[in-house]
Amino acid sequence: MKTSFYQFTLPMLQEIFLANDLPATGPAKLYNWHYKKRRTEKCEKDFAKVSQDFVAENFSFELPEIDSLQKSTDRTVKFLLKLSDGKKVETVLIPSNKRYGICLSSQVGCAMKCSFCHTGLQGLERHLETHEIVGQLLAVQRWLNAERPDDNDIATIVFMGQGEPLHNFDSVKNACEIFLSQNGLSLAADKITISTAGYLPGLKRWKAEMPDVNIALSLHAIDKLKRDKLIPINQKFPVEEVLEIVNSIPKQKKRFVVYEYLLARGFNDSKEDAEKLGKALQGKRAFVNIIPFNPFPGAEYERPSKEEIDAFKEQLDQSGVTSLVRFTKGDDILAACGQLNSRS
Ligand code: SAH
C-alpha cells in the first residue's frame with residue numbers, strides 16, 4: 001500500500017531514501033517541488049529516474065477532498081474536508097489584512113468535553129495523521145490558487161479548529177516541522193500558534209521539544225470551580241501547574257503568551273472575574289484574547305452584550321494587562337471558535 005508523501009518530515013524522507021540506496025539529494029528536491037513551489041504534478045525535472053520510480057510506486061499525493069464549503073461576507077471560508085476513510089473535519093480560512101490565517105483541525109471530534117464547545121459535544125472519534133493536517137493546508141491552498149489567484153497568501157497557521165492539538169502531539173509536531181522546514185513551507189515558528197485547553201502531558205512535551213512555536217492557553221476562568229465546569233480536564237490538570245509550565249519558557253525578545261478568555265454572560269464576565277484575571281496575569285508578558293461566547297444550537301451559555309463585554313475589558317485594562325476583544329469572523333456561517341462540528 002502507498003503511504004502519503006505528506007506524512008514525512010524531511011529527515012524521515014532522507015532515511016527512507018538512504019535505506020533504499022536512492023540519491024541523497026532526492027528528498028530536498030521533492031520538498032522543494034511539492035511544498036516550496038507547491039506543484040501538484042509529478043516531480044520529473046532534474047530528478048533521477050530511479051527516484052521517480054520509487055516515488056511513483058510507494059507514495060500517494062492525495063489530499064483531503066473538499067466536501068462542501070461556505071463563504072462568509074468577510075472573505076472567511078469554511079471548508080468541510082473529507083478524509084480517505086470518509087470522516088470529515090473542518091478547516092477555516094480567516095482573512096487577516098491582505099493575507100489569510102488558516103485554522104487547522106488536529107482531531108476528528110475532541111476528547112476534552114469543554115461544556116461551551118460544539119466540537120466537544122461530539123466526543124473524540126480519532127486523531128488526525130500528519131498528512132491529514134498538512135493536507136488541510138494544501139487542499140485549501142489549491143482551492144485558493146484556483147479561485148482567488150491574486151489573493152492566495154496563507155501567512156499564519158493556528159491550531160484552533162477541531163480537537164486538542166497537544167493530545168495528538170506527534171502528528172501535530174511532525175506537521176509543524178513540515179511547515180517550518182526551510183525546504184518545506186518555510187514558515188517562521190512565530191507564525192504558528194497551538195491553542196490548548198491545558199493538556200498537561202502535551203504541554204510538557206511542547207516545552208521540551210518545540211517551545212519556539214507559539215502557545216495560546218484557553219484560560220477562560222481563574223476560579224477553580226468555574227474552570228472545572230468550563231474545561232473538565234482542569235480537575236485532572238490543575239491550572240496552576242499549567243501556568244507554571246507556560247510561564248517557565250524563557251521568553252525571547254518580545255514574546256508574549258496569549259491567553260484566551262471565553263466570555264459567557266453571567267458566568268465568568270463579572271467585575272470580580274476581570275479583577276481575578278488581571279491579578280493572575282499582572283506583571284507577566286501576557287496578552288488576553290477576549291472571545292465572546294459564540295452560540296450554537298442547544299448551547300447552555302449566552303453571549304454577553306456589547307456593554308458587558310466592554311465593561312469586562314475596561315476592568316481588565318485597569319490591571320495593566322493588554323487585551324483585545326476578538327471580533328468574530330465568519331459567524332454568519334458558524335465558522336467561529338467552538339462552532340465547528342462536523343456532524344451538523
Ligand atoms: N482545544 C484547543 C483548540 C480548539 S478551540 C483549545 O482548547 O484551546 C480554539 C478556541 O476556541 C479555544 O480557546 C476554545 O476555548 C474557544 N472556543 C470553543 N468553543 C467556543 C465557543 N462556543 N465560543 C467561543 N469560543 C469558543
Side-chain angles (χ1 to χ4, degrees), residues 78 89-92 94 101-124 127-128 133 136 156-169 171-172 192-203 206 213-221 226-234 236-237 239 242-243 246 257-265 267-269 277 287-304 309 312 323-331 333-342 344:
K78 178 169 84 160
V89 289
E90 289 184 328
T91 306
V92 186
I94 305 162
I102 188 167
C103 175
L104 300 178
S105 291
S106 55
Q107 297 174 317
V108 184
C110 185
M112 302 295 120
K113 301 232 173 316
C114 297
S115 60
F116 52 85
C117 177
H118 204 188
T119 308
L121 301 178
Q122 198 182 336
L124 178 66
H127 292 302
L128 293 187
I133 298 172
Q136 291 172 59
T156 54
I157 297 175
V158 293
F159 283 91
M160 291 188 187
Q162 289 162 322
E164 165 53 45
L166 294 182
H167 185 217
N168 183 17
F169 192 89
S171 299
V172 168
I192 305 180
T193 301
I194 294 179
S195 181
T196 179
Y199 184 72
L200 203 55
L203 209 50
W206 165 76
V213 169
N214 288 326
I215 209 88
L217 176 66
S218 294
L219 190 55
H220 303 345
K226 286 187 188 179
R227 195 165 191 270
D228 281 353
K229 163 86 172 83
L230 292 168
I231 308 179
I233 62 158
N234 193 55
K236 198 162 165 199
F237 307 125
V239 75
V242 168
L243 286 173
V246 170
V257 176
V258 173
Y259 297 89
E260 327 251 26
Y261 194 96
L262 165 117
L263 212 55
R265 176 184 238 162
F267 186 81
N268 64 351
D269 65 342
L277 179 63
F287 184 90
V288 179
N289 260 333
I290 299 171
I291 321 175
F293 173 68
N294 292 314
F296 53 84
E300 62 174 299
Y301 301 96
E302 276 176 50
R303 164 178 278 218
I309 297 168
F312 185 90
S323 67
L324 189 75
V325 176
R326 214 156 74 183
F327 295 105
T328 318
K329 291 188 173 153
D331 58 353
I333 54 171
L334 278 190
C337 291
Q339 294 180 312
L340 304 177
N341 183 314
S342 30
S344 54

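One is the number of the first residue; the rest follow in order along the sequence. Reckoned from all heavy atoms, side chains included, excluding hydrogens, waters and symmetry mates. First listed ligand is number 1; within each ligand, the first listed atom is number 1.
The shortest separation from a heavy atom of Glu164 to ligand 1 is under 4.0 Å, placing the residue in contact. Taking a 4.0 Å cut-off on heavy atoms, His220 registers as neighbouring ligand 1. The shortest separation from a heavy atom of Gly161 to ligand 1 is under 4.0 Å, placing the residue in contact. Taking a 4.0 Å cut-off on heavy atoms, Gly163 registers as neighbouring ligand 1.
Here the two rings, on Phe267 and Tyr301, have centers that are under 6.0 Å apart.
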ask   = Are Phe159 and Leu166 close enough, and set up right, to give a side chain to side chain contact (heavy atoms under 4.5 Å, CB included), and what steps lead you there?
value = CA-CA 10 Å; Phe159 283 91; Leu166 294 182; over 6 Å; no

request  = Go through the steps to decide whether Phe116 and Ile231 satisfy the test side chain to side chain contact (heavy atoms under 4.5 Å, CB included), and finish with yes or no.
outcome  = CA-CA 8 Å; Phe116 52 85; Ile231 308 179; 4.1 Å; yes

inquiry  = Show, in sequence, the C-alpha distance, side-chain angles and deciding distance for His127 and Ser171, and conclude whether the side chain to side chain contact (heavy atoms under 4.5 Å, CB included) test is met.
reply    = CA-CA 8 Å; His127 292 302; Ser171 299; 5.7 Å; no

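In this structure the side chain of Leu217 reaches within 4.5 angstrom of the side chain of Thr196, judged on heavy atoms. Looking at heavy atoms from C-beta onward, Arg227 lies in side-chain contact with Leu219 at the 4.5 angstrom threshold.
A donor and an acceptor atom, one from each side chain of Glu164 and Ser106, are nowhere located under 3.5 Å apart.
Close contacts of ligand 1 with Ala197, meaning ligand atoms under 4.0 Å from a residue heavy atom, involve 6 (C), 7 (O), 8 (O). The ligand atoms of ligand 1 that sit less than 4.0 angstrom from a heavy atom of Leu262 are 20 (C), 21 (C), 23 (N), 24 (C), 25 (N), 26 (C).
Residue contacts with ligand 1, taken as heavy atom pairs separated by less than 4.0 Å, do not involve Ile231 at all. Proximity of Ile291 to ligand 1, defined as any heavy-atom pair under 4.0 Å, is confined to the side chain (atoms from C-beta onward).
Taking any N or O of Phe116, backbone or side chain, at least one lies under 3.5 Å from an N or O belonging to ligand 1.
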